[in-house]
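Contents: one structure, followed by commentary.
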There are 2 protein chains.
Amino acid sequence: MTTSTQSGSGRGQRVTIADIARRAGVTPAAVSLAVNGRPGVSEATRERIMAIAAELRWEPSPAARALAGAPVLTVGMVLARPAEVLGTESFFGAFVAGLQEVLSRRDYSLQMKIVETTDDEIDTFRRWFAQRRVDGVVVVDLRQDDARIPALEDLGLPALVVGGPGHHGSLPSVYVDDAHATRLLVDHLAELGHRRLARVAGNGDFLHILLRDRAFTERCAELGIDAITQDAGFGTRGAEIATAELMARREAPTAIVFDSDEMTLAGAQVLEEAGSRIPEDVAVASYEDSALTRTHRPPITAIGRSAIEYGRVAATHLLEVIEASRSRYGSSSAPLQESRAIEPVLVVRASTRPGGAEPAPAAHGPSGTGLPSS
Amino acid sequence: MTTSTQSGSGRGQRVTIADIARRAGVTPAAVSLAVNGRPGVSEATRERIMAIAAELRWEPSPAARALAGAPVLTVGMVLARPAEVLGTESFFGAFVAGLQEVLSRRDYSLQMKIVETTDDEIDTFRRWFAQRRVDGVVVVDLRQDDARIPALEDLGLPALVVGGPGHHGSLPSVYVDDAHATRLLVDHLAELGHRRLARVAGNGDFLHILLRDRAFTERCAELGIDAITQDAGFGTRGAEIATAELMARREAPTAIVFDSDEMTLAGAQVLEEAGSRIPEDVAVASYEDSALTRTHRPPITAIGRSAIEYGRVAATHLLEVIEASRSRYGSSSAPLQESRAIEPVLVVRASTRPGGAEPAPAAHGPSGTGLPSS
DNA sequence: TCCTGTTACTATAGCGGTTTAGTCGTGGTC
DNA sequence: GACCACGACTAAACCGCTATAGTAACAGGA
């Protein structure tokens, strides 16, 4: 049966624990115990088995292990938005990279899927769970009263919610403190003397947008300065319109904060074309830092939430949750629903700093399009 | 569509084909034949079985299937670069999004892993193959004499190489015609009257960079104009230095082409700070289009290779290869090593167009633009 | 001497499918 | 009326690994 003459790279038969067992003069069960570091074999035998396994270049079969009940070492993430959005969004790539980094190190892999609707997403979770395809999932793009939360709680699939706080039910979560970020921005602008702030807000379906709304209004009120929130919905087009509307007001704001880096750039463009200088006439800041905000002229003050670090923390936390869910089989210990916050940091750049250290290139013609505007 | 008789969502036992068989009054084997659309059961029985399977919400177990030899419906991708780079690079996110889109539709999932070195990458391929974790892989960041090519050929693991052409051995590949892209750029600038072009080149380890080097020199020679290639290595810092060096020349170029969007912006910044106007004093163009080039002031002329579409094509092609490798079990038909090229398109923007007005994507003809060549 | 405990394994039964070699009734053929 | 082909299933053997009884050998205690 055993063709000991395999050794062909890619050709030969798969080597199984049975092969090892035969060579070691024990049963497959003993090999299983040995390679999994479980008690039941003597140290001498274990070493002998391990040596043979290495020599035979044995690799465990994930399928067989999964079938026998072992974890599949995979976590899933579903994205309910068009692929186009993912491609352009700076946050996505960095977040995934952060996830990957931690997961890879622990020999986990990340499985992703793009779907159309939230229902599809829940359905995917359900199927992944039923098929035992993943050990856990990470939930992104949290919304208010998100239907995925109860669905996942019901399923009992280990899950980590990215976003919050306070809206992730009994599930553990990792989030950036958007209220804190908002205060950083408002306080910074207030210190510079601004007394009329505006915020161009993204899609209000998302929870973090709502949290910003609230914190923005509150903080401005505390400081006794004017706060205008202008809804811009999705995309850059909305940001352009919102910016134009803001500047058309009788009492136009002296500083504008945008909910994303793309929106910021769109808004800044409108401002420049209307002849407003940044930061002399209007200060500009972004809730999201990226290559876009860094390389823009002038560079834009932004909240640095380090998407990559965000991903790392999320992955680490999820793995802990999975680990815990595995061990607490009989003992009904606490469900480990802990939340972790990531501290937002304010990165001040020339777009809010009139006398900035780096003298931004004099506004001799930021819009070189050749079209003399207004 | 959760029925009220959810039968313990998350609690109940997993439903298997044995359950279906019992309900249908047949054996598990019959169920297997039925649900897989294989001959051997009558149409009536098949329908009955399918109905019961749906009613019981049966989900096949991927592990069991894989163990029994079925494909695992997963493709892998390994990235041998630091997570940081991925996060900042615009190409990555879009490419992955494109891959995902196609894979998801076909019920495949993408598995990614980040490693340190090319050796780790090959090792990962080897283990994935040995463990039957993936049905195929996509290879990115092709280099000259890439060690992964022979390794994969040897393994016999279906693989698709992103990049080329001509350096992917017997493996199928998808690539952007960088020589063509180069001609588009050079011809465009030559038509505008530029007679001294420079190219700020990225990491020469990558194959596509070499192909650009060659094409750039050749095309400029054909047109009888000066060509300067300035190596900048990795990152934006190198691009800044390279740009400064170019402009310090006695005969400074009147147009500069950069190998990536990030490099372009870094270079543009150097130019602006040195008082050179774009495009009046120096025209600027990028080999890579992205939000960065689009939103920069002035907007930057770039090669649009649509990373997302690139991903879609790659995924489609890889699935075909996997499909083929599966069916050609006995018959040793051709190994389907076909290559597919993606047509690069030149998107002309204000950074090369002094009197530019319309931001219309001006796609040039497939090859040279009328200028006589050898 | 009997009994209880360890230790180090072995034997065996799954996990949930797929697959191959039967088995059985039926109808057509000559 | 025996022969045969055929469609529709069944029985059983895997796939590779894990888990759980069970067993043999030996030690220690009463």
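Scope of the values below: all heavy atoms of this structure, side chains included, with no hydrogens, waters or symmetry mates. Here is how names work: the chains are called A, B, and so on, in the same order as the sequence lines, proteins then strands, and each is numbered from 1.
Residues F125(B) and V78(B) have side chains in contact (heavy-atom distance under 4.5 Å, counting atoms from C-beta outward).
Among the nucleotides dC17(D), dT10(C), dG16(C), the one closest to the side chain of A68(A) is dC17(D). In the set dA11(C), dG17(C), dC17(D), the nucleotide with an atom closest to the side chain of W58(B) is dG17(C). Nearest to the side chain of R14(A), among dC17(D), dC9(C), dG16(D), sits dG16(D). Comparing dC17(D), dG16(C), dT19(C) by their closest approach to the side chain of L67(A) singles out dG16(C). Of the candidate nucleotides dG16(C), dA8(C), dC17(D), dC17(D) has the atom lying nearest to any side-chain atom of S61(A). Proximity note for N36(A) (side chain, C-beta onward) versus dG16(C), dA8(D), dT18(D): the nearest is dT18(D). If you check dC9(C), dG16(C), dG16(D) against the side chain of T45(A), the one that comes closest is dC9(C).
OP1 or OP2 of dT7(C) has not a single side-chain nitrogen or oxygen of S42(A) nearer than 4.0 Å. T27(A) has a side-chain polar atom (N or O) that falls below the 4.0 Å cut-off from OP1 or OP2 of dT10(C). Here S32(B) reaches the OP1 or OP2 of dT18(C): one of its side-chain N or O atoms lies under 4.0 Å away.
Among the atoms of the strands shown, only primed sugar atoms or phosphate atoms (P, OP1, OP2) are found under 4.0 Å from some heavy atom of P60(A). Across all strands shown, V26(A) has heavy atoms under 4.0 Å from sugar-phosphate atoms exclusively, and none from any base. Looking at heavy-atom distances under 4.0 Å, G40(A) makes contact with a base. Within 4.0 Å (heavy atoms only), E59(B) reaches sugar-phosphate atoms of the nucleic acid but no base atom.
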Please assess T74(A) against Q111(A) for the test side chain to side chain donor-acceptor pair (under 3.5 Å), listing each intermediate value before the final yes or no. CA-CA 7 Å; T74(A) 302; Q111(A) 189 148 324; 4.9 Å; no
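Here R23(B) pairs with E55(B) in a salt bridge; the nearest charged N to carboxylate O distance falls below 4.0 Å. Taking a cutoff of 4.0 Å between a charged side-chain nitrogen and a carboxylate oxygen, R126(B) and D123(B) do not qualify as a salt bridge. Taking the charged nitrogens against the carboxylate oxygens, R132(A) and E59(B) have no contact shorter than 4.0 Å, which rules out a salt bridge.
One atom, CZ of R38(A), and another, C1' of dT18(D), lie 8 Å apart when rounded to the nearest Å. Spacing between atom CG of L33(B) and atom P of dA21(C) amounts to 14 Å, rounded to whole angstrom units. The distance from atom CZ of R65(B) to atom P of dC15(C) is 18 Å, rounded to the nearest whole Å. R22(A) places its CZ atom 14 Å from the P atom of dT10(C), with the value rounded to the nearest Å. Put simply, CZ on R133(A) is 14 Å from C1' on dG17(C), counting in whole angstrom units. One interatomic measurement links the two molecules: CD of E43(B) to C1' of dA8(D), which rounds to 13 Å at whole-angstrom precision. Counting to the nearest Å, the C1' atom of dC15(C) and the CZ atom of R132(A) are 9 Å from each other. Separating the CD1 atom of I17(B) from the C1' atom of dT10(D) is a distance of 13 Å, rounded to the nearest angstrom.
Contact between I149(A) and L142(A) at its shortest, heavy atoms only, is CD1-CD1, 3.9 Å.
Both A30(B) and A18(A) lie close to DNA chain D; mapped to their nearest nucleotides by heavy-atom distance, the more 5′-ward contact belongs to A30(B).
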